[in-house]
Amino acid sequence: METVKEKAKVNYVQLANSVHPQKVSLSLRESIAVMRDCRERVWSQVIVPVLIAEAEFMKVWDICEERKEIRFNRGKWLRGTLASFEKFREWMKMADQHTRTLIDDYAIQVEKRIKREQTSLFVTFRRYFEEHGQKDLDFKANVQMVLTYITLARDLFDGFFDTYQERFGIDLRKEYLPVRIIDADLQFSRFADDVIQPSRNDLHPCKNWASIKAYEELIEKLMSEKMLDKAGLEALRLNNEDEFLSKIERETMGFEKLKEKYNVGLDKRITGK
């Protein structure tokens, strides 16, 4: 089975081809263009799974806080995970508030469009724990979902930057390390192991057939260019980017084609008609 990192590399090789079709030694001007393209793709694609992972993590945090379980080792691991997401949020402040709001809305629109796949994966985890005689099924399935999204975000990050380094000979990941949420990956893995105890209970929720298929469907949807385009357009509309939407309509696709593709009701204020 093709891993997420491999899928990401296949996808990002296609993107890199749009910048330059061959692996080449870049001039200064070309290097700047590659760095600009990298930055734009990080903000529009690589960041989104991190924001979704953060949202899923906060569900677990709220449950643990309500149960007064943010203490001892579990509390340490949860606070370590939270600190990693806070470091990521601090990194995002390099962009202005409007951009950050737009990206947050974009991630929300993406999550809305993958809700069916998310729910399917959650159900497979919950059913797996139930079949293996576990208790607290919803909580354990939520924990497994967070772990899955953190791992997904990490693998997409690695696949993206590996591709750019292999293609252009430039390692750009240092500037974006907070996006990899390294501490969240480490700390939440420890928390999940303590909650689920896979070795003691012989539990492997990611290795059952139903979860594998649900995960593959989630990845397929999450990396769908059509879905990302729809989510991005809706985020622009929510942020009143009428001028930019008008430019898309007039210069890129034409209004009728845009309306047909996205099935959205762009009004006269946007079309200029």
Side-chain angles (χ1 to χ4, degrees), residues 1-8 48-67 69-82 84-85 107 110-159 180-224:
M1 183 178 66
E2 193 177 35
T3 67
V4 173
K5 184 174 178 180
E6 289 167 345
K7 285 178 178 292
V48 171
V50 183
L51 292 170
I52 297 176
E54 179 189 40
E56 292 297 308
F57 167 73
M58 292 311 300
K59 296 177 186 177
V60 171
W61 174 275
D62 290 343
I63 293 170
C64 290
E65 191 171 46
E66 184 178 340
R67 295 177 175 182
E69 291 181 356
I70 303 179
R71 54 185 182 147
F72 306 124
N73 279 336
R74 287 192 181 184
K76 180 178 70 174
W77 298 324
L78 285 171
R79 285 190 290 270
T81 304
L82 181 63
S84 185
F85 284 117
V110 170
E111 191 165 17
K112 283 182 178 179
R113 285 164 172 77
I114 62 172
K115 185 60 67 178
R116 183 183 69 82
E117 290 76 15
Q118 270 189 316
T119 302
S120 294
L121 184 58
F122 175 87
V123 168
T124 67
F125 287 148
R126 191 186 189 284
R127 186 178 297 131
Y128 178 86
F129 289 128
E130 184 178 23
E131 290 171 351
H132 286 75
Q134 298 296 297
K135 298 179 180 179
D136 209 3
L137 301 177
D138 286 348
F139 180 65
K140 288 182 177 177
N142 274 321
V143 168
Q144 191 62 48
M145 287 293 290
V146 177
L147 188 62
T148 298
Y149 265 114
I150 289 175
T151 302
L152 167 62
R154 178 200 67 198
D155 288 349
L156 288 178
F157 179 97
D158 289 344
R180 198 180 185 277
I181 50 174
I182 296 171
D183 289 338
D185 188 12
L186 175 64
Q187 299 293 334
F188 198 82
S189 292
R190 291 172 175 170
F191 174 81
D193 282 348
D194 193 59
V195 170
I196 297 170
Q197 299 189 1
S199 298
R200 177 185 295 181
N201 297 323
D202 192 27
L203 294 173
H204 308 284
C206 289
K207 293 184 178 180
N208 78 93
W209 183 85
S211 295
I212 290 172
K213 297 304 293 182
Y215 185 58
E216 288 177 345
E217 289 177 4
L218 175 64
I219 296 302
E220 190 73 23
K221 187 68 172 288
L222 189 59
M223 299 183 72
S224 164

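Sequential numbering from 1 along the given sequence is applied to the chain's residues. Given the structure is predicted, the values throughout are model-derived calculations rather than measurements.
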Report summary line: For K112, the salt bridge (charged side-chain N to carboxylate O under 4.0 Å, His left out) test, sequence neighbours excluded, returns none
**Report entry** salt bridge (charged side-chain N to carboxylate O under 4.0 Å, His left out) contacts touching residues 187-212 (sequence neighbours left out)
**Finding:** R74-D194
Query raised in the report: K59: what forms a salt bridge (charged side-chain N to carboxylate O under 4.0 Å, His left out) with it, not counting sequence neighbours?
Result: E56
Query raised in the report: Are V60 and F191 side-chain neighbours, meaning at least one heavy-atom pair lies under 4.5 Å?
Result: yes
Report summary line: Sorted by chain and residue number, the ring-ring contact (aromatic ring centres under 6.0 Å, His included) partners of F57 (sequence neighbours excluded) come out as F85, F188
Requested in this report: Apply salt bridge (charged side-chain N to carboxylate O under 4.0 Å, His left out) to R154 and list each qualifying residue two or more places apart in sequence or on a separate chain.
Outcome: D185
Query - Q134: side-chain hydrogen bond (donor to acceptor under 3.5 Å, both in side chains) partners, not counting sequence neighbours - result: K140
Report summary line: Across all chains, not counting sequence neighbours, the side-chain hydrogen bond (donor to acceptor under 3.5 Å, both in side chains) partners of E54 are R89
Query raised in the report: Are D136 and R67 ion-paired here, with the side-chain N under 4.0 Å from a carboxylate O?
Result: yes
Query raised in the report: Are side-chain heavy atoms of I114 and I52 found at a separation under 4.5 Å?
Result: yes
**Report entry** Test side-chain hydrogen bond (donor to acceptor under 3.5 Å, both in side chains) applied to N208 - qualifying residues, sequence neighbours left out
**Finding:** S211
Report task. Quick one: list whatever passes ring-ring contact (aromatic ring centres under 6.0 Å, His included) with H132, sequence neighbours left out. Result -> Y128
Query - Between E220 and Y215: side-chain donor-acceptor atoms closer than 3.5 Å - result: no
Report summary line: For F139, the ring-ring contact (aromatic ring centres under 6.0 Å, His included) test, sequence neighbours excluded, returns none
